[in-house]
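Encoded as structure tokens, the structure appears first; notes follow it.
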Amino acid sequence: MPDAPSLAELIAAARNGSPRATGQLLSLVESPRRTEVLDAIGPVESPRVVGVTGPPGAGKSTTVGVLVGAYRARGVRVAVLAVDPSSPYSGGALLGDRIRMAAHINDPDVLIRSVAARGHLGGLAAAVPAAIRLLSALDYGLVVLETVGVGQSEIEIAAVADPTVVILNPGAGDAIQAAKAGLLEVADIVVVNKADRDGADQTVRDLRAETHAPILKLIAAQGEGIEDLVEAIEAHHRADTPQRRAARARAQILSLAQTLLRNHPELDRLAQAVADGGDDPYTAAERLFGGS
């Protein structure tokens with residue numbers, strides 16, 4: 001039986017276009033070997049990341065599928081990370097979204113990967129920032145990040161993506177519910193999908209009262225309006241600044257730091273000490289950060 005390839009061999013094979021090697025590397029960045037992989041790939045340019053979120057049933061995966069097609073027509077290599085709820089049985093990712101992107105399954109310049117959220121606060125898997133960095137090192141020009149779309153927790157997408165695109169449907173109170181859930185607070189672009197349905201214009205009017213973000217109408221299943229969406233994404237990217245990039249990095253660091261603190265081996269002991277009255281939460285918090 002041949003020896004397993006080394007990390008350097010996997011990286012070289014992935015850079016030569018091996019989807020198997022790329023898949024193995026993505027699995028490694030979801031494992032305790034994440035830092036080893038990141039050290040091996042070295043410095044990379046900040047990748048372009050477009051986030052797509054919204055309530056279930058809004059048509060996120062269909063929109064992502066036609067968005068991928070539009071960027072492939074421009075010659076851009078695209079990776080899609082679909083962040084799914086963890087399977088209650090195996091902890092693995094649910095792969096239903098891949099079916100909706102089947103048109104790109106045989107394109108060697110499109111990678112589609114489901115990533116299990118595994119309980120990470122905010123719906124984004126803790127491995128996602130590392131996966132994005134890896135994909136940038138493998139010369140993917142665009143990473144599309146599709147999140148589960150379950151409400152308030154989706155605000156974490158803004159720490160990674162620029163822009164964040166929120167997909168909504170006409171009617172059914174989606175605009176109001178999205179506002180209540182906090183989705184519109186992080187929306188750089190709002191898309192009303194299935195815009196051929198009754199109530200689309202009213203939904204756009206409702207949204208204008210709730211957000212200052214650009215609002216576009218789209219019929220993703222027919223590809224209508226996709227070029228307007230691409231142009232809005234490109235315009236937003238052109239307006240990016242070092243200050244905005246630093247703000248996203250800061251939010252990303254804080255999010256991942258919170259996850260590390262939630263798993264700190266001393267947290268339960270410190271919590272019990274506070275609960276028993278033997279310590280106060282301020283001192284416990286300092287100790288959690290390594291204070292005396």
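Computed from a predicted structure; not experimentally measured.
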Close side-chain approach of [X] and [Y], heavy atoms under 4.5 Å:
X	Y	value
Val68	Ile112	no
Arg48	Glu234	yes
Arg287	Glu266	no
Gln222	Asp196	yes
Ile233	Leu229	yes

What are the two closest heavy atoms between [X] and [Y], and how far apart are they?
X	Y	answer
Ala284	Val274	CB-CG2, 3.8 Å
Ile167	Pro55	O-CD, 3.4 Å
Pro170	Gly199	CB-C, 3.8 Å
Ser61	Glu146	OG-OE2, 2.9 Å
Asp109	Asp107	N-OD1, 2.9 Å
His236	Pro163	CD2-CB, 3.4 Å

How far does [atom1] of [X] sit from [atom2] of [Y], to the nearest 0.5 angstrom?
X	Y	atom1	atom2	answer
Leu135	Arg133	CG	CZ	12.0 Å
Arg262	Leu260	CZ	CG	11.5 Å
Glu9	Ile11	CD	CD1	11.0 Å
Ile226	Leu216	CD1	CG	9.5 Å
Glu231	Arg238	CD	CZ	5.0 Å
Ile215	Ile189	CD1	CD1	11.5 Å

Quiz item: Could you walk me through whether Thr63 and Val191 pass the side-chain contact (heavy atoms from CB on, under 4.5 Å) check?
Solution: CA-CA 10 Å; Thr63 301; Val191 172; 5.5 Å; no
Practice problem: Start with the C-alpha distance between Glu227 and Arg74, add both sets of side-chain angles, then the distance that settles salt bridge (charged side-chain N to carboxylate O under 4.0 Å, His left out), and finish with yes or no. | Solution: CA-CA 11 Å; Glu227 287 302 323; Arg74 295 175 174 220; 3.8 Å; yes
Quiz item: So, Asp206 versus Gln202: side-chain donor-acceptor pair below 3.5 Å or not?
Solution: yes
Quiz item: Judged by modelled atom types alone, do Arg33 and Ser27 share a side-chain donor-acceptor pair under 3.5 Å?
Solution: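 Short answer, no.
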Taking [Y] as the starting point, is it possible to reach [X] by hopping between hydrophobic residues whose side chains are less than 4.5 Å apart?
X	Y	value
Val64	Val230	yes
Leu261	Leu270	yes
Val37	Val44	no
Val66	Ile219	no

For [Y], does its backbone N or O pair with a side-chain atom of [X] as donor and acceptor, under 3.5 Å?
X	Y	answer
Asn193	Ala58	yes
Thr211	Leu207	no
Lys194	Ala220	no
Lys60	Gly54	yes
Asp280	Tyr282	yes
Arg77	Leu138	yes

Exercise. Let me see the working for Asp188 and Arg244 under salt bridge (charged side-chain N to carboxylate O under 4.0 Å, His left out), right down to the final yes or no.
Key: CA-CA 13 Å; Asp188 297 306; Arg244 276 172 38 186; 5.9 Å; no
Exercise. Decide, yes or no, whether a salt bridge links Arg245 with Asp240 under the criterion of side-chain N to carboxylate O below 4.0 Å.
Key: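 Salt bridge present between Arg245 and Asp240.
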Exercise. Evaluate the criterion salt bridge (charged side-chain N to carboxylate O under 4.0 Å, His left out) for residue pair Lys217 and Asp228; output intermediate values, then yes/no.
Key: CA-CA 9 Å; Lys217 291 199 289 186; Asp228 290 340; over 6 Å; no
Practice problem: Evaluate side-chain contact (heavy atoms from CB on, under 4.5 Å) for Gln272 paired with Asp268, printing each intermediate quantity in order. | Solution: CA-CA 6 Å; Gln272 191 61 53; Asp268 288 343; over 6 Å; no
Self-check item: Steps toward side-chain contact (heavy atoms from CB on, under 4.5 Å) verdict (Leu26, Leu111)
Solution: CA-CA 11 Å; Leu26 285 167; Leu111 181 142; 4.0 Å; yes
Exercise. Report the C-alpha distance between Val166 and Leu168 in whole Å, list the side-chain angles of each, state the deciding distance to 0.1 Å, and finish with yes or no for side-chain contact (heavy atoms from CB on, under 4.5 Å).
Key: CA-CA 7 Å; Val166 174; Leu168 301 172; 4.1 Å; yes
Quiz prompt | Residues, nucleotides or ligands: over 12 heavy atoms within 6.0 Å of Asp276 CG | solution = yes
